[in-house]
Structures are given as structure tokens and as C-alpha cells.
Chemist: 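Following this message is one structure expressed as C-alpha cells.
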Amino acid sequence: MYLNKQDLPLSSHRFLFSDIIATSIFWLPLLLIGSYLLSIANETYAPFLAVFLFVVFGLIVCAMVFSKGEYELRSFLLSFSVCVLVAGVAQNYSLITFGELQSTRDAANSFFPLISESPPFTTMQDIPVNFNSPLAILIWQRIYALAWLLGMKFGLYTGVLCNAFVVGLSGATTVAVAREVFGNDHLRLRRLSILVSCCGLFWLFGAILIRDCFILFINVMVLWRWVVWMNRPSVKNFIFGIVITGIASYATFYLRQKAVVLFGLFFMMSVIVRIRHMDSKFQKPVFVIVITLGILLGFGYIRQFSDISLNYKSQVSENYLEHIKDHATEDSLGMKLVVNQPLPIKLVLGCATMAISPIPIWCSLKFGASEYHLIKNFNGIYQIIIMPLVIGGIFMVFHRMYGRQKNQIADSLFYLAIYSLVGILSVVATSLEQRHFVPFLPALLILAVLPDIRETGTLRLLRKISLMWYAIVILVHVGWLLLKL
């Protein structure tokens, strides 16, 4: 049985603060423990005030933007709280193990030193010309300026809580995308909010001072607006999507410049998918025009990605050697088999490597590993657990729903699947860095809640997929052990 919005259960469609109280048993203890741990690590009680302000501001944003979605609110509170807890644990662990609040190289050496404690605050002119993400510094600096006005002690916790807040809003927006697809399906929305809050890479962005949380939020906002337009086509929604995409492209240029080229491609994909519902006399000429423009633009994208891939090939090799020297992690053999391969082979092997990462799955689960690698390792376990749901969702999209149904839900799911595929291929072709795929992860998590485990046929399909998937994971690790001998 497939979804139709008119068959979905209705929601109260009201923003109720009773939802905050009802779910406080889950998020409030996490928030308090995380704030306490941050207070210990930073030797100040200011994290309690900062957390309170971020929660209040987040509730205001959710009330204004997601006024008809109680699950968006719950996702924000739960995701933000979990990130605060992980941040507190990570900073105390790093302090005990390495003698510093954060051992991650980008956070400790690149980002935090550029943030000014007091006036004059850092401006664009103060940031080095060759610095690759000045917008992140400027955003954090505004937060630190506000903290200075409030008399809060200068510390790493302020920027980290900002990141946790942005991840919380990203979680809420992910649920908003799912609501556009599934309507008020409470089971799916609840499952998605749990999946988002348990994602290790979201923890990474919310617990460590790195720029990726902003890239995640920008991408999920663009995804949301184009899914809204595909489900509720109107000139207003189309213009809104164009404006959001333009702002996102401009902002991404100052966060991760090479990622800008994808926004035009995602726009073209949404238009191509939407053409199916046009009047038949306009459908063919519009399709020809769009495809022609897509091909012309596609050559530019392919050329840029080829150049980026060649540049990254040498960079990744250098980073790989440095990684072996500094960390001596056991997953090095798997990286060797992928990094230096020709692009077609690299795309195939790289997708497999990103699906099962790190190899072996226990490589960084040891005391003395950096908090960055520990969190990424936990994400690898999370990823292996949820992958059967993701595969099942993609299978349903390509082999059942899109082939038999011609409606907005089928189109939206197809768009999410293509969006995820293009995202993972772009990452494999360039950096092969797991965290660079996170901007496309919300689409995969939405596909993961597509299979309805209440249906006997779907449950049987998931069991078969799980059996094959875990067999592959075991075989990969057995192969790794044999190659290490």
C-alpha cells in the first residue's frame, strides 16, 4: 500500500507548548547534563545561560517557521539537546586526554584563533584572504559579540552551542521536508526525528567547532523549498525556491566554494521531475528546452568536477599519508584501495567505502583517539544499523512507487533518491570525506522512514535486505583481515 496525502491521519495543526512539556522527559535531562559538563570543562556556569537563550530562540523560530508542525519542534529540541550532551562529553574527554578543550585540528588551529574575545571584533578584512570559510568565522563572531555584551566568559562552549543550535534547526527542517512528502504521518515523522537525533555526523557538527553545520542547514533549506514547490506548485513557491537557492549559493561560496556548483544541478533536477505533471501540449517542448539547458550546463559541471577531482586526488593522498603518520588508524588499507584508483573505479569503490566507514568498524573505538574520530566511528555503527532501511526506501522508490504512481509524493521521493545519489557521487569524485556527504544525508534519512514496518510484505523485504547487507559487512571485514595478514 502506498501513500496518498488524503488518506493520512489529520494532525491538530497547532503549535502547542504542551508538546514541549510532554517531551521534556527526553530532552531536558540531556540538556542539563550537557550544560553541566560544558560548565566543568570551561570553568564557568555561563553554558547554562547560553543553552537557555538558544532554546528560547529556537522555540521562537519553530513557532514562526514551523507553526503547523509539532514534530519539527520535537526534532529541534531533541537534536539540540543530544548535541549539547555530546559536546560536553567531548570537551571533557579531550581535556582529560589531550589537555585541551578540543583536539580537532580545524577547530583548534584554524577557526577558534580567528575569533576575537572582545572589541574590536573580527571582520572580513581581518580574515586571511586564502581562508576557505570566512562566513563561518563571521557568524561565530556575532554570537561571541552577543555573549560579550551579556558578560559571559569567553570560551569554546559558545561557538559549539551555536553549532548545536544550527544542527537542531536542520533537524527540524528535515522533518518539515518529510511532512511535505508524507503529510501528517505521525509514525514516520516520529521515527525521522529519532533518526536525526541519533546520527553521529550530526553530533560531530553540533559538538565540534567546524563549519559543516552551516553547510548542512543551507542545503536542507534548499531541499525543503524545492520539495514544497514540487508538492504545491505555484509561482510564489517557485520564486521562493529561486531566492533561497541564490542566497544558499552565495553563502556556500564563503563556506565551501566547490560545493556551489551543485545548487544549479538540484534546481534542474526538480524542474525535470516536475515536468511530468504539465499539460501534454506543453510538456514535450518544455522538456526539450530544459534537457538542452541541462546538457549545456552539465558540461560545465562535469569539467569543474573533473578539475576538482584531479586536485583532490593529490590532496587526499597527502592527507592520507599525514593521517597514517599522525593517527596510525587501522582503516588505512581500505583507503589505499580507493584513493588512487581511476575515477570510474573510484566512484564504485568509494560509494561502498562511504556506506561502510570506517573499515574496520572498531578502528577508532579506543581511549586516546581524538573526539573527532570517536564520534565518526560511532556514526559508522549507526550507519550500518540504518542502512537496510535506506536501501529498502530506495528500492521502493525506484522499483515500485515511481513506476506505478504519477503524483507529487512519488515525484518527491524520486527527487530525494536522485538528490542523494548525486550527492554521494560528487563527494566520492572529490574529497571522499564522510562528513562532506552530510548535507545530502537528510534526504537519505527521509527515505529510511519510507518502509512501513507495520506491513507484512515490507517487513519481509527489510529482513531480506538486512540479511544481505550484514553479510556484505561481515565479508568486507573478513577481506580486510585477510589482506592485513
Chemist: Whether the side chain of Arg188 engages the backbone of Leu450 through a donor-acceptor N/O pair (distance < 3.5 Å, no angle test) should be reported.
Modeler: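 The answer is yes, because a donor-acceptor pair under 3.5 Å joins these two groups.
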Chemist: Which pair of heavy atoms, one from Pro451 and one from Leu462, lies closest together, and at what distance?
Modeler: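 Reported closest heavy-atom pair: CB-CD1, 4.0 Å.
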Chemist: Is it true that, when you exclude Phe437 itself, more than 12 heavy atoms of the residues, nucleotides or ligands shown sit nearer than 6.0 Å to its CZ?
Modeler: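 Correct, the count exceeds 12.
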Chemist: For a 4.5 angstrom cut-off between non-hydrogen side-chain atoms, does Leu413 reach Met396?
Modeler: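 Side-chain contact under 4.5 Å: no.
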Chemist: Hey, is the main chain of Ala355 close enough, under 3.5 Å, to the side chain of Gln383 for a donor-acceptor pair?
Modeler: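 Yes: the side chain of Gln383 pairs with the backbone of Ala355.
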Chemist: If every non-hydrogen atom of Ile208 is compared with every non-hydrogen atom of Tyr372, which pair is closest and at what distance?
Modeler: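 Minimum heavy-atom separation between Ile208 and Tyr372: CD1-CA, 3.9 Å.
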Chemist: Which pairs, with at least one residue in residues 192-217 and sequence neighbours excluded, count as a salt bridge (Lys or Arg N to Asp or Glu O under 4.0 Å)?
Modeler: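 Those involving residues 192-217 are Asp212-Arg256, Asp212-Arg435.
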Chemist: Is the Phe80 ring parallel, tilted or perpendicular to the Phe54 ring (thresholds 30°, 60°)?
Modeler: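 The arrangement is tilted - the two ring planes meet at 30° to 60°.
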Chemist: Roughly how far apart are Leu447 CG and Leu389 CG, rounded to 0.5 Å?
Modeler: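 Leu447 CG to Leu389 CG: 11.0 Å, rounded to 0.5 Å.
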Chemist: Within this structure, what is the CG-CG distance for the pair Leu421 and Leu444, rounded to the nearest 0.5 Å?
Modeler: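 Leu421 CG to Leu444 CG: 9.5 Å, rounded to 0.5 Å.
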Chemist: How close do Ser412 and Val227 get, counting heavy atoms only, and between which atoms?
Modeler: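 Nearest heavy atoms, Ser412 then Val227: OG-CG1, 4.1 Å.
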Chemist: Do any N or O atoms from the side chain of Glu180 and from the backbone of Asn231 form a donor-acceptor pair under 3.5 angstrom?
Modeler: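 Not a single qualifying donor-acceptor pair exists.
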Chemist: Any chance you could measure Met387, atom CE, to Ile472, atom CD1, to the nearest 0.5 Å?
Modeler: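 Those atoms lie 11.0 Å apart.
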Chemist: Taking the side chain as C-beta and beyond, is there a heavy-atom pair between Arg225 and Val228 under 4.5 Å?
Modeler: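 The answer is yes; the side chains approach within 4.5 Å.
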Chemist: When the ring centroid of Phe66 is compared with that of Trp224, is the distance short of 6.0 Å?
Modeler: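 For Phe66 and Trp224, the ring centres are under 6.0 Å apart.
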Chemist: Does any non-hydrogen side-chain atom of Leu135 lie less than 4.5 Å from one of Phe214?
Modeler: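 No, too far: nothing below the 4.5 Å cut-off.
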Chemist: Show your working on side-chain contact (heavy atoms from CB on, under 4.5 Å) between Leu37 and Leu85 and close with a plain yes or no.
Modeler: CA-CA 8 Å; Leu37 291 174; Leu85 176 63; 4.3 Å; yes
Chemist: Can you find a pair of side-chain heavy atoms, one from Phe217 and one from Phe205, that are under 4.5 Å apart?
Modeler: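 The answer is no; the side chains never approach within 4.5 Å.
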Chemist: What distance separates Ser75 OG from Leu192 CG, expressed to the nearest 0.5 Å?
Modeler: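 Result: 6.5 Å between the selected atoms.
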Chemist: Short question: side chain of Asn219, backbone of Ile215 - any donor-acceptor pair under 3.5 Å?
Modeler: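 Side chain of Asn219 to backbone of Ile215: a pair is present.
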Chemist: Report yes if the side chains of Glu371 and Ser94 come closer than 4.5 Å at any heavy-atom pair, otherwise no.
Modeler: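 Sidechains of Ser94 and Glu371: in contact.
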Chemist: Side-chain contact test, heavy atoms from C-beta onward, threshold under 4.5 Å: evaluate it for Phe440 versus Val422 and give yes or no.
Modeler: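 Sidechains of Val422 and Phe440: no contact.
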Chemist: Could you please spell out the steps behind the side-chain contact (heavy atoms from CB on, under 4.5 Å) verdict for Leu441 and Cys199?
Modeler: CA-CA 10 Å; Leu441 192 55; Cys199 179; 3.4 Å; yes
Chemist: What residues form a side chain to side chain contact (heavy atoms under 4.5 Å, CB included) with Tyr470, not counting sequence neighbours?
Modeler: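 Testing Tyr470 for side chain to side chain contact (heavy atoms under 4.5 Å, CB included), a comparison that skips the adjacent residues, returns Ile384, Pro388, Ser466.
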Chemist: Within a strict 4.5 Å, meaning less than it, do heavy atoms of the Leu28 and Leu77 side chains meet?
Modeler: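 They are not in contact (no side-chain heavy atoms under 4.5 Å apart), so the answer is no.
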Chemist: State, to 0.1 Å, how close Leu195 and Tyr382 come at their nearest heavy-atom pair, and which atoms those are.
Modeler: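 Smallest interatomic distance, heavy atoms only, reads O-OH, 2.7 Å.
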Chemist: Could you check if a side-chain atom of Phe378 sits within less than 4.5 angstrom of a side-chain atom of Leu204, using non-hydrogen atoms only?
Modeler: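 No. Closest side-chain heavy atoms not under 4.5 Å.
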Chemist: For the residue pair Ala207 and Ile375, what are the closest heavy atoms and their distance?
Modeler: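 Scanning both residues, the minimum pair turns out to be CB-CD1, 4.4 Å.
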Chemist: Just by modelled atom types, is the Met221 backbone N or O under 3.5 Å from a matching donor or acceptor in the Trp226 side chain?
Modeler: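 Flag not set: sc Trp226 to bb Met221 has no pair under 3.5 Å.
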Chemist: Step by step, work out the side-chain contact (heavy atoms from CB on, under 4.5 Å) result for Asn377 and Cys363.
Modeler: CA-CA 8 Å; Asn377 211 138; Cys363 71; 3.9 Å; yes
Chemist: How close do Pro358 and Gly380 get, heavy atom to heavy atom, and via which atoms?
Modeler: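 For Pro358 versus Gly380, the nearest heavy atoms are CD-CA, 4.3 Å.
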Chemist: Determine, step by step, whether Phe202 and Val86 satisfy the side-chain contact (heavy atoms from CB on, under 4.5 Å) criterion, reporting the C-alpha distance in whole Å, the side-chain angles of both residues, the deciding distance to 0.1 Å, and the verdict.
Modeler: CA-CA 10 Å; Phe202 286 4; Val86 175; over 6 Å; no
Chemist: Kindly say whether Arg190 contributes a backbone atom to a donor-acceptor pair with the side chain of Ser193 at under 3.5 angstrom?
Modeler: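 Checking the backbone N and O of Arg190 against the side chain of Ser193, a donor-acceptor pair under 3.5 Å is found.
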Chemist: Between Asn379 and Gly200, is there a donor-acceptor pair closer than 3.5 Å when you use the side chain of the first and the backbone of the second?
Modeler: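 Side chain of Asn379 to backbone of Gly200, a donor-acceptor pair under 3.5 Å: yes, one is there.
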Chemist: Between Tyr415 and Tyr419, how do the two ring planes meet: parallel, tilted or perpendicular, split at 30° and 60°?
Modeler: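 Tilted: the ring planes of Tyr415 and Tyr419 meet at 30° to 60°.
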Chemist: Anything under 30° is parallel, anything over 60° is perpendicular, the rest tilted; go ahead and classify His186 against Tyr71.
Modeler: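 Geometry flag for Tyr71 against His186: tilted rings.
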Chemist: Working to the nearest 0.5 angstrom, can you tell me the gap between Phe263 CZ and Thr252 OG1?
Modeler: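 Those atoms lie 3.5 Å apart.
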Chemist: State the CG-CG distance between Leu30 and Leu32, to the nearest 0.5 angstrom.
Modeler: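 Taking CG in Leu30 and CG in Leu32, the distance rounds to 9.0 Å.
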Chemist: Classify the angle between the aromatic ring planes of Phe76 and Phe165 as parallel (below 30°), tilted (30 to 60°) or perpendicular (above 60°).
Modeler: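 Because their plane-to-plane angle is over 60°, the rings of Phe76 and Phe165 count as perpendicular.
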